[in-house]
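As structure tokens, the structure follows; a few thoughts come after it.
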Amino acid sequence: QVRLVESGGGLVQPGGSLMLSCAASGRSFRTNAMAWFRQVPGKDREIVGGISSDGHTFYATSVKGRFTISRDNAKSTMYLQMSALKSDDTAVYYCAVPNVPYVILNDLDYEWWGQGTQVTVSS
């Protein structure tokens, strides 16, 4: 059974940092891209960024320069390092994997999803 499990969410003050992890199990995703999405209640899910199978990264404009995505294929884990966090970053963060090696912007094209982890940026 394929599983994606996010961890590392929580409450952080504005300007602070947080690192999320997404651990995959059940199959290898070495040849797949991986991505982070986020969603706020009442709004559409949006892509935060992603990393291709060969390590190329993509970031949404809203997080570029503040967030860093990486992956460790040996550990089947993807990471999202978030810094300079703002209240607008408050959301449930999901990791997702498409059945292709490159990052896709449309969430409907992703085949596997984690359960999500809440990130709250507040003083």
Side-chain angles (χ1 to χ4, degrees):
Q1 180 182 2
V2 176
R3 291 188 68 197
L4 298 175
V5 179
E6 302 95 337
S7 61
L11 173 65
V12 62
Q13 292 187 342
S17 298
L18 206 60
M19 187 169 78
L20 305 183
S21 299
C22 171
S25 61
R27 61 157 283 175
S28 172
F29 288 121
R30 289 175 179 265
T31 59
N32 298 73
M34 302 182 77
W36 289 97
F37 286 81
R38 66 186 182 186
Q39 188 169 27
V40 175
K43 293 188 177 181
D44 292 336
R45 189 160 47 191
E46 64 174 3
I47 191 167
V48 174
I51 184 166
S52 65
S53 61
D54 61 357
H56 288 90
T57 53
F58 162 82
Y59 298 98
T61 301
S62 60
V63 307
K64 195 174 295 183
R66 300 188 297 122
F67 291 10
T68 302
I69 296 173
S70 60
R71 64 190 294 170
D72 184 338
N73 288 333
K75 296 182 178 179
S76 297
T77 300
M78 174 178 62
Y79 304 96
L80 176 64
Q81 177 66 51
M82 304 183 290
S83 60
L85 283 161
K86 309 173 183 179
S87 57
D88 287 348
D89 296 317
T90 295
V92 177
Y93 284 72
Y94 300 89
C95 68
V97 177
N99 201 14
V100 292
Y102 47 87
V103 178
I104 306 173
L105 301 186
N106 190 339
D107 62 342
L108 297 178
D109 292 322
Y110 282 75
E111 188 161 342
W112 296 280
W113 289 87
Q115 82 290 349
T117 186
Q118 175 70 46
V119 172
T120 302
V121 183
S122 176
S123 55

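These numbers come from a predicted model, not from an experiment. Side chains included, hydrogens not; waters and symmetry mates left out as well; all remaining heavy atoms used. Just so you know, residue 1 is the first one in the sequence shown, and it goes up from there.
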Residues forming a side chain to side chain donor-acceptor pair (under 3.5 Å) with Asn73, sequence neighbours excluded:
Arg71

Carefully, step by step, assess Glu46 and Arg38 under the rule side-chain contact (heavy atoms from CB on, under 4.5 Å).
CA-CA 6 Å; Glu46 64 174 3; Arg38 66 186 182 186; 2.6 Å; yes

Kindly list each side-chain donor-acceptor pair under 3.5 angstrom involving residues 113-123, sequence neighbours excluded, with atom names and distances?
from: Trp113; atom 1: NE1; to: Tyr110; atom 2: O; distance (Å): 3.4
from: Gln115; atom 1: NE2; to: Glu6; atom 2: O; distance (Å): 3.4
from: Gln115; atom 1: NE2; to: Glu6; atom 2: OE1; distance (Å): 3.4
from: Thr117; atom 1: OG1; to: Gly9; atom 2: N; distance (Å): 3.3
from: Gln118; atom 1: NE2; to: Ala91; atom 2: O; distance (Å): 3.4
from: Gln118; atom 1: NE2; to: Thr120; atom 2: OG1; distance (Å): 3.3

Just grab all the side chain to side chain donor-acceptor pair (under 3.5 Å) pairs involving residues 23-32, residues at least two apart or on different chains.
Arg27-Asn32

Non-hydrogen side-chain atoms of Cys22 and Trp36 separated by less than 4.5 Å
yes

Given side chains that start at C-beta, do those of Ser21 and Ser7 come closer than 4.5 Å, heavy atoms only?
yes

Worked verdict on Asn99 versus Trp112 for side-chain contact (heavy atoms from CB on, under 4.5 Å):
CA-CA 8 Å; Asn99 201 14; Trp112 296 280; 3.9 Å; yes

So if you build clusters from Ile, Leu, Val, Met, Phe, Trp, Tyr with side-chain heavy-atom gaps below 4.5 Å, do Met34 and Val103 land together?
no

Close side-chain approach of Met19 to Met82, heavy-atom, < 4.5 Å:
no

Are Val97 and Tyr79 connected in the hydrophobic side-chain network, where two residues link if heavy atoms are under 4.5 Å apart?
no

Member of Val63, Asn106, Ile104, Leu105 meeting the side chain to side chain contact (heavy atoms under 4.5 Å, CB included) criterion with Ile47:
Leu105

With sequence neighbours excluded, what pairs up with Arg66 under the side chain to side chain donor-acceptor pair (under 3.5 Å) test?
Asp89

Considering residues at least two apart in sequence or located in another chain, which fulfil the side chain to side chain donor-acceptor pair (under 3.5 Å) criterion with Thr77?
none

CG (Asp44) with more than 12 external heavy atoms under 6.0 Å:
no

Distance col, row Tyr94:OH vs Asp107:CG, nearest 0.5 angstrom, shows 11.0 Å

Any side-chain heavy-atom pair from Gln81 and Ser17 closer than 4.5 angstrom?
yes

Are Val100 and Phe58 joined in one hydrophobic group, where the rule is that I, L, V, M, F, W and Y side chains link up if heavy atoms are under 4.5 Å apart?
yes

Connected via hydrophobic side-chain network under 4.5 Å: Ile69 and Phe67
yes

Starting at CG of Leu4, measure out to CD of Glu111 and round the result to the nearest 0.5 Å.
11.0 Å

For residues Phe29 and Met78: do they belong to one hydrophobic cluster (side chain heavy atoms under 4.5 Å, members Ile, Leu, Val, Met, Phe, Trp, Tyr)?
yes

Who passes side chain to side chain donor-acceptor pair (under 3.5 Å) against Arg3, sequence neighbours left out?
none

